[in-house]
Amino acid sequence: MSYDFKTSEAKWQQRWEEAKIFEAQDDFSKPKFYGLVEFPYPSGAGMHVGHIKAYSGLEVISRKRRMEGYNVLFPIGFDAFGLPTENSAIKFNTHPRILTDKNIEKFTSQLKRVGFSFDWTRTIDTTDEDYYRWTQHIFLEMFKHGLVFRDTALVNYCPHCKVVLSNEDSQGGKCDICHSDIVQKSKDVWYLRITKYADRLLTGLESVDYLPQIKQQQVNWIGKSTGAFVNFSVKGGEEGETLRIYTTRPDTLFGVTFMVIAPEHPMIEKYRDQIKNIAELDAYKEECAKKTEFQRTQLVKEKTGVRIDGICGINPVNGKEIPIYIADYVMMGYGTGAIMAVPAHDERDYDFAKKFGIDIIEVIKGGNIEEAAYTGDGDMVNSDFLNGFTNKKDSIKKMIEVLEEKGIGEEGVQYKMKDWAFNRQRYWGEPIPIVHCAKCGMVAVPEEELPLRLPEVENFEPGEGGESPLAKIDSFVNCKCPQCGGDAKRETDTMPQWAGSSWYFLRYIDPKNDKALADPEKLNYWMPVDWYNGGMEHVTRHMIYSRFWHKFLFDIGEVNTDEPYAKRTAQGLILGPDGEKMSKSRGNTVDPNEVIDGFGADVLRTYILFMGDYGAATPWSDSSVKGCKRFIDRIADLVGMVNGEGATPALESAFHRTVKKVTEDIENMKFNTAIAAMMTLLNQIYEVKTLTKDELYTFIRILCPFAPHVAEEINEQLGNSDLLSLAQWPTWDEAKCKDDVIEIVVQINGKIRARLNIAADAEAADAIALAKEQPAVQEAVNGKTVVKELYVKGKLVNIVVK
RNA sequence: GCCGGUGUGGCGGAAUUGGCAGACGCAAGGGACUUAAAAUCCCUCGGUGGCAACAUCGUACCGGUUCGAGCCCGGUCACCGGCACCA
């Protein structure tokens, strides 16, 4: 019989809300659990099933934690600043505030229909001025602590969105939002000095429990390398002029036959007059500037460059004169923008040397430098005092000693991570609370003037040159300098979308506080986040940014933990039924509302967790949803089979095993096998067609985190007046998980020849003796020599014969 | 190119981490109930051979370790994700 999920689900959602059972208590005496999911961007399209999957993991865990007696904080909010809303506001000629409110309302009602146990009293919205007031506060603190700076730089610019994008937002040379091609543009840019925290972001990973692939991605993103800086004298330059390079292999210094500097390297400007072929260099530079960084890095095959005529470098270890080239395979943004080239042992330098006919000197044995660069390890040769070194660690160490002794270089560290370009020329973001004063320079807006509100504007279109729409609002722009009181102008750029999400988990702890971003006592109790789940796409950007902010807040004493997240996991994508990534354009999306309408929230929740490994991408299947529908309906019918109290002998061990399995599987996010175990138990109950009240009560408690509505409904039918969502999580008896008599297999040389029933705790000798009595075994052993006899308790007997 | 991951029936996926491969679910086929359909219930369901018990092959491919390998080791191929002239 199909149960009436529509009435039931609405009823229980209302009762939970009335009873306030999912509201976290600031009762510091209780053990706490802070479960965090990545808050959604409230788009106009509404939620998709991927959102449901992203929240369902910690939903189950949070519900279980409550039943285990924890004080649980499981909040939700909205990360609502950003381009899509602004763009559709422009398109529909409305205000992003109106759209945002509408979208949040839509998301809220959808989330509530699923029955998520979020604490709705702590909801936050990053576009709320009471929220972004604190985002601005953190920015100002960073500004005061020297972590904010401004620089002119070649930036990634999206001509379609008319915004400057960070490297992170323009991966692959495409705009993250509209996927247009990015162009390079020179602009004044705000930066956050995240590189100052690079090493701590790296070492901090040792103290947290993130999935290994998440840690690995962060390590790669930070991209630490160790090596040395070496100063090459420049012949033709000023007295004492040096060209500083960074290398990870200083021990190959004797193999250096040329140097390369980036086209933007300042040395070219400095020696314009000395350089004889400056026109040629200028032409090359112009050619490079036309290419986007993406194009530059795409041209892997063919090396280009121009030799600088008029100055050259001097190898500091042997005094040899070497030519200097400019080439775009060297980037200004990494290291010093200059390299020493060792063509024998670097593929890029090798290609370049071959093309330009430069000498190639072997310094590491092991390859054939006539044919290709040798990048492996080997004995050092042609290297003076390094000759005879066989180990790269030792030779690098020795070279650094010599460099430091002679004062021509030193050990050094480099990171691939760059400083964070922290501004957008758009309206729908947090205004940067800085005033530009002709006399005082950049001045922080005083704390008491926060929030610095977004002004009302008629027109959100960005300016043609990439100016912020705010720049057109005179009443916003013109102001007095907080320091000298003179006329000044406000900064008109806004913060990037990543700002609001870099600290939101702190605000949930104390969302209404108007004195601080959160009360220190409450922070002390709730932080760190015990378990954070989200998408793999956020493990580098959002996670590294928020860890950076958190470490900064820790340094200035505003939070009590160095790391914000104790544990981090990630869910896999839900693919379309065709196995492809879901997208509107492909037409393979699934609307969660339709599933709830047709089958109920419990079925949707159960299916999403049952469909496959939580961490893996899995295609959606409409027909498989029906399997979960049957599961829920069959559970609803169990009430009619209840007969008596205590335990049903035929089911007793099955119950203990299932409770154990479900309990353990939830902790490991193996929701699919937890549900499979409950299905197996259900099948076993249907075989005997009877169970006791106590057993059903146990069943619905382990079911509750997955399908809470039907579980509550059954609980009520059992005559219990307390809400099941607050019931105690069941325990199991390890001894009762196992049967007394079990079936084991008998193998001959690893092949199964017989099966036998035996006491679970039987001794090896008895088991082997019993195995040998089996006719099939006797036949197989007959006439052969028994070499070995093995007994694996509870599993098998294996007899090895010859 | 580098880093990470994956490869198991018609499909989604299990396999206590070296011990009965295919749990659980879907789809499919057969049957029951029904005037009929849906729903529900029962049976079958990796390949080959056999009426059958059973035999035999089988976890991308090749090889190895082991009494025993989907799992460990060496090599190959394919696909997915991330990074990428990072010195």
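Note on naming: letters A, B, ... go to the chains in the order of the sequence lines (proteins, then strands), and numbering restarts at 1 for each one.
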Is A/R657 touching bases, backbone alone, or none of the nucleic acid, heavy atoms closer than 4.0 Å? nothing
Side-chain N or O of A/K751 less than 4.0 angstrom from OP1 or OP2 on B/C57? yes
Give a yes/no answer on whether the side chain of A/R630 brings an N or O atom under 4.0 Å of OP1 or OP2 in B/A39. no
Since syn is defined as within 90° of 0, does B/G74 count as syn or as anti? anti
What residues, two or more places apart in sequence or in another chain, satisfy side-chain hydrogen bond (donor to acceptor under 3.5 Å, both in side chains) together with A/H542? A/Y532
Quick one: which of B/C20, B/C41, B/C24 gets closest to the side chain of A/V745? B/C20
Between B/C24, B/C3, B/A87, which nucleotide has the shortest distance from any of its atoms to the side chain of A/T680? B/C24
Taking Watson-Crick (N1-N3 plus N6-O4 or O6-N4) and G-U wobble (N1-O2, O6-N3), each under 3.5 Å, can you produce the dot-bracket string of RNA chain B? Use [ ] for crossing pairs and | for inter-strand ones. (((((((..(((......[....))).(((((.......))))).((((....))))..(((((..]....))))))))))))....
Hey, which sits more toward the 5' end of RNA chain B by its nearest nucleotide, A/S623 or A/I752? A/I752
Would you name the heavy atoms of A/A674 and A/V662 that are closest together and state the gap between them? O-CG2, 3.7 Å
Nucleotide N/O to protein N/O under 3.5 Å, stretch nucleotides 13-19 of chain B:
unit_1: B/G13; atom_1: OP1; unit_2: A/A617; atom_2: O; d: 3.4
unit_1: B/A14; atom_1: OP1; unit_2: A/N672; atom_2: ND2; d: 3.1
unit_1: B/A15; atom_1: OP1; unit_2: A/K670; atom_2: NZ; d: 2.8
unit_1: B/U16; atom_1: N3; unit_2: A/K795; atom_2: NZ; d: 2.6
unit_1: B/U16; atom_1: O4; unit_2: A/K795; atom_2: NZ; d: 2.6
unit_1: B/G19; atom_1: N2; unit_2: A/Q747; atom_2: OE1; d: 3.3

Only one of A/I308, A/V330, A/I339 passes side-chain contact (heavy atoms from CB on, under 4.5 Å) with A/I261; say which it is. A/I308
